[in-house]
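Take a look at the structure below.
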Amino acid sequence: MKGKHFWKKAAGRLLQLGAAAMLWQGAHAQAESAKEDDYFKIMRVPVPEGDLLEVGGLCTLPNGNLALTTRRGDVFVVENPTSAKPFFRKFATGMHEVLGVAYKNGSLYCAQRGELTRLTDTDNDGKADRYETVYAWPISGNYHEYSFGPKVAPDGKFFVTLNLGFPDVWWHPKSFVPWRGWTLKIGEDGSVEPWAAGMRSPCGISMIDDELFYTDNQGDWVGSGSIMQVKKGAFMGHPASLVWTDMPGSPLKLKQDQVFALVKPRYDVDKNGRAVKPENIVNEKFLSEYEIKKAIPELQLPAVWLPHGILGISNSEIVKIPEDQWGPFAGQLLVGDQGMSKVSRVFMEKVNGEYQGAAIEFRSGFQSGVTRMAWGKDGSLFAGETARGWGSAGDAGQGLQRLVWNGKIPFEMRAVRAMPDGFEIEFTKPAERKYAEDIASYKVESYIYKYHSVYGSPPVNQQTLQIKGVKVSPDGMKARIIVDGLRPYYIHTLTLEGLRDAETSFSLVHPTAYYTLNNIPEGARLTMNEVSTRNSAVAETKAAPAKAAGAKTAATKPAAAGTAAAPKNAGTIAKAPTYAEVKPLLSKHTCLACHNTDKRQVGPAYRDVAKRKYSIEKIVQLIHNPQPQNWPDYATPMPPMPQVPVADAKKIAAWINSLK
């Protein structure tokens with residue numbers, strides 16, 4: 001029997017351990033965080049009853065009114081758009097899927113399915129009475145030959161981008177007729193100048209500071225969405241449009257075979273439409289765009305990657321925040337997303353003559369897919385929306401909303417800048433020093449996407465990078481971190497969960513930034529004697545008590561049935577994983593971008609899938625080779641996902657079936 005001195009000593013030790021545990025929990029407790037809605041309100045714009053907007057184009061007119069075009073072929077002028085009762089005046093009608101509009105010299109210029117059209121009200125009755133073809137481009141009649149733009153170039157000409165056509169195997173588009181998959185520059189006189197090739201689905205054409213940029217959508221040859229600068233003679237990555245480089249006026253002589261010699265085209269379905277074996281893709285040789293650029297200098301690399309399923313699934317228009325608006329974010333970029341009904345923020349900088357920068361979540365919760373954006377005269381941002389044919393989050397199929405800043409400043413990463421030895425993070429408000437000087441508050445990982453003909457790419461070649469020190473500015477507005485193992489052309493994910501606002505102790509509203517590091521700048525590096533190396537995580541690990549002999553730990557605990565040690569037989573999982581266990585897989589494979597547990601989104605809710613009573617084996621098959629005919633009420637078919645390992649697919653399937 002133990003003596004009283006032993007129990008007294010043991011009690012004291014338990015008190016010490018309890019205090020240490022409380023200290024550890026206090027250091028890592030979830031800080032209170034403000035919400036997006038606390039600063040940026042989404043306001044409804046009343047629309048006329050019976051009018052289906054399905055916005056394809058949006059621009060602000062000199063008097064503050066809006067020009068708005070629809071996929072159904074109408075053009076509206078919205079008078080007093082920021083008022084409680086804006087007036088929608090139909091300016092033109094009977095056009096063919098108008099997916100962009102620009103104003104110039106008293107006329108509206110619209111990109112229809114097959115032409116750039118000038119609309120003019122010559123008699124000043126508020127309606128266009130002159131419809132003029134500026135330039136007509138070829139069309140094959142394929143349903144997916146969308147046309148985007150125009151955007152006015154510095155010399156007064158117009159840029160338009162032309163979507164590829166989608167054949168029966170829709171995730172392998174083709175350029176059926178000349179200039180599909182190209183950017184064209186068109187003059188008022190109808191002259192045309194082929195500008196760049198290699199676009200897939202170039203919805204987000206934008207002029208930023210007199211330079212042309214666009215966003216493309218994930219798919220074959222496009223591992224994820226991104227912002228890319230469009231230079232004359234550039235190849236943007238998709239080889240389908242290279243069949244026209246022998247045409248007169250082409251600034252590009254690159255051929256498909258030159259790309260295919262480096263990356264053999266392969267398909268994720270066989271001749272019968274069945275998905276190839278997942279291991280063929282998982283074990284495929286790793287190639288990224290920056291490796292291809294060594295052999296094909298015409299290839300334009302993304303300025304900023306927009307990670308798929310995180311910052312969108314169908315990226316759309318880019319707009320610049322006016323220099324006198326929205327406080328600390330003035331001059332930065334916003335990018336819409338049609339599929340996830342959200343807007344992301346981008347800080348972009350030039351290093352060694354090339355653009356790069358950080359993308360950060362900004363505002364989600366729009367009622368429908370955000371396709372077009374335009375600034376109101378009052379500093380609010382109009383968002384034009386549609387979901388028909390392209391599924392999106394949100395309850396509405398179309399509409400117009402406004403995003404309004406209330407003047408309060410959120411605690412955010414205002415900017416992330418590349419440094420010779422890491423990154424400098426600038427905040428919108430001072431950070432609390434005790435957290436900012438703790439390297440445990442920072443985490444940096446890097447990864448890249450594959451460049452291949454398969455639909456999309458998972459993140460590959462992932463690494464967690466060591467943070468060696470941090471230097472915080474005297475005012476707490478900047479933190480410069482030394483990061484070991486920076487990789488050019490990789491996406492570097494910076495997660496700052498541990499940071500706190502010095503004023504409120506709130507955490508960052510959005511604690512993660514995705515920096516595309518195309519170039520590492522030259523310059524002075526920090527020395528270790530001028531940085532903090534304090535690491536509370538290491539201190540807590542050393543302070544933790546030794547594990548008692550025989551105690552079960554996370555490392556020794558047997559794997560639950562159906563989780564890490566899933567049996568080979570797909571139908572014998574005894575216990576389904578919990579949502580907490582399966583969520584990392586749903587995020588990793590971008591499932592959450594299109595599916596919600598309880599609510600219809602781009603695709604059906606997981607509970608609705610569970611009601612079908614598919615076997616685990618059947619769900620695995622449908623992940624790898626979807627059958628859109630099973631879900632006829634959903635306009636956006638799911639692409640094959642053969643890159644999802646069978647073990648992961650089994651866990652996801654077991655969890656889905658548990659929802660029954």
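- The environment of Lys583 atom NZ is sparse: at most 12 non-hydrogen atoms of other residues, nucleotides or ligands sit within 6.0 angstrom.
- For the residue pair Glu385/Gln367, the side-chain donor-acceptor check at 3.5 Å is satisfied.
- For the pair Val222 and Asn217, the minimum side-chain heavy-atom distance is 4.5 Å or more.
- Here salt bridge (charged side-chain N to carboxylate O under 4.0 Å, His left out) pairs that include residues 204-216, with residues two or more places apart or in two chains, are Asp209-Lys320.
- Looking at Thr60, its side chain never comes within 3.5 Å of a backbone N or O of Ala374 through a donor-acceptor pair.
- The minimum heavy-atom distance linking Pro328 with Ile409 is given by the pair CG-CG2, 4.1 Å.
- Salt bridge present: Lys471 and Glu530 bring a charged side-chain N and a carboxylate O closer than 4.0 Å.
- Taking OG of Ser392 as the reference point, atom CD of Gln338 lies at 5.0 Å (rounded to 0.5 Å).
- No more than 12 heavy atoms of other residues, nucleotides or ligands shown are found within 6.0 angstrom of NZ on Lys468.
- With contacts defined as side-chain heavy-atom distances shorter than 4.5 Å, the pair Pro430/Asp475 does not qualify.
- Judged as a ring-ring contact (aromatic ring centres under 6.0 Å, His included), and not counting sequence neighbours, the contacts of Phe329 are Phe362.
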**Test side-chain contact (heavy atoms from CB on, under 4.5 Å) applied to Ile481 and Ile439, step by step** = CA-CA 8 Å; Ile481 55 175; Ile439 63 176; over 6 Å; no
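- Rounding to the nearest 0.5 angstrom, the gap separating the CD1 atom in Ile491 from the CD atom in Glu445 is 12.0 Å.
- Tested against Trp305 for a ring pair (Phe, Tyr, Trp, His ring centres under 6.0 Å), the candidates Tyr514, Tyr515, Tyr449, Tyr447 yield a single pass: Tyr449.
- Other residues, nucleotides and ligands contribute over 12 non-hydrogen atoms within 6.0 Å of the CD atom of Glu323.
- Applying the salt bridge (charged side-chain N to carboxylate O under 4.0 Å, His left out) test to every pair with at least one member in residues 485-496, sequence neighbours left out, gives no pairs at all.
- Here the side chains of Gln462 and Ser446 are not in contact, with every heavy-atom distance at 4.5 Å or above.
- Between Glu437 and Arg534 there is no salt bridge, since no side-chain nitrogen of the basic residue lies less than 4.0 Å from a carboxylate oxygen of the acidic one.
- Side chains of Pro645 and His589 form a contact here, defined as non-hydrogen atoms less than 4.5 Å apart.
- Residues passing the ring-ring contact (aromatic ring centres under 6.0 Å, His included) test with Tyr39: none are found, sequence neighbours excluded.
- Legend: salt bridge (charged side-chain N to carboxylate O under 4.0 Å, His left out) pairs involving residues 304-317, not counting sequence neighbours, sorted by first then second residue: Lys151-Glu317.
- Annotation: the span from Ile313 atom CD1 to Met340 atom CE amounts to 7.0 Å, rounded to 0.5 Å.
- At distances below 3.5 Å, at least one donor-acceptor pair connects side-chain atoms of Gln356 with backbone N or O atoms of Asn518.
- Side chains of Leu465 and Tyr490 form no contact here, defined as non-hydrogen atoms less than 4.5 Å apart.
- Across all non-hydrogen atoms, the minimal contact from Met373 to Val319 is O-CG1, 3.7 Å.
- Between Met207 and Leu212, the closest side-chain pair of non-hydrogen atoms falls below 4.5 Å.
- Sorted by first and then second residue, the pairs that involve residues 358-380 and meet salt bridge (charged side-chain N to carboxylate O under 4.0 Å, His left out), not counting sequence neighbours, are Glu36-Arg363, Asp37-Arg363, Lys342-Glu361, Asp378-Arg402.
- Within the 4.5 Å cutoff, side-chain heavy atoms of Ile321 are placed close to those of Trp375.
- The heavy-atom pair separating Ile656 from Ala610 by the smallest distance is O-CB, 3.2 Å.
- Counting heavy atoms from C-beta on, the side chains of Leu311 and Val335 never come closer than 4.5 Å.
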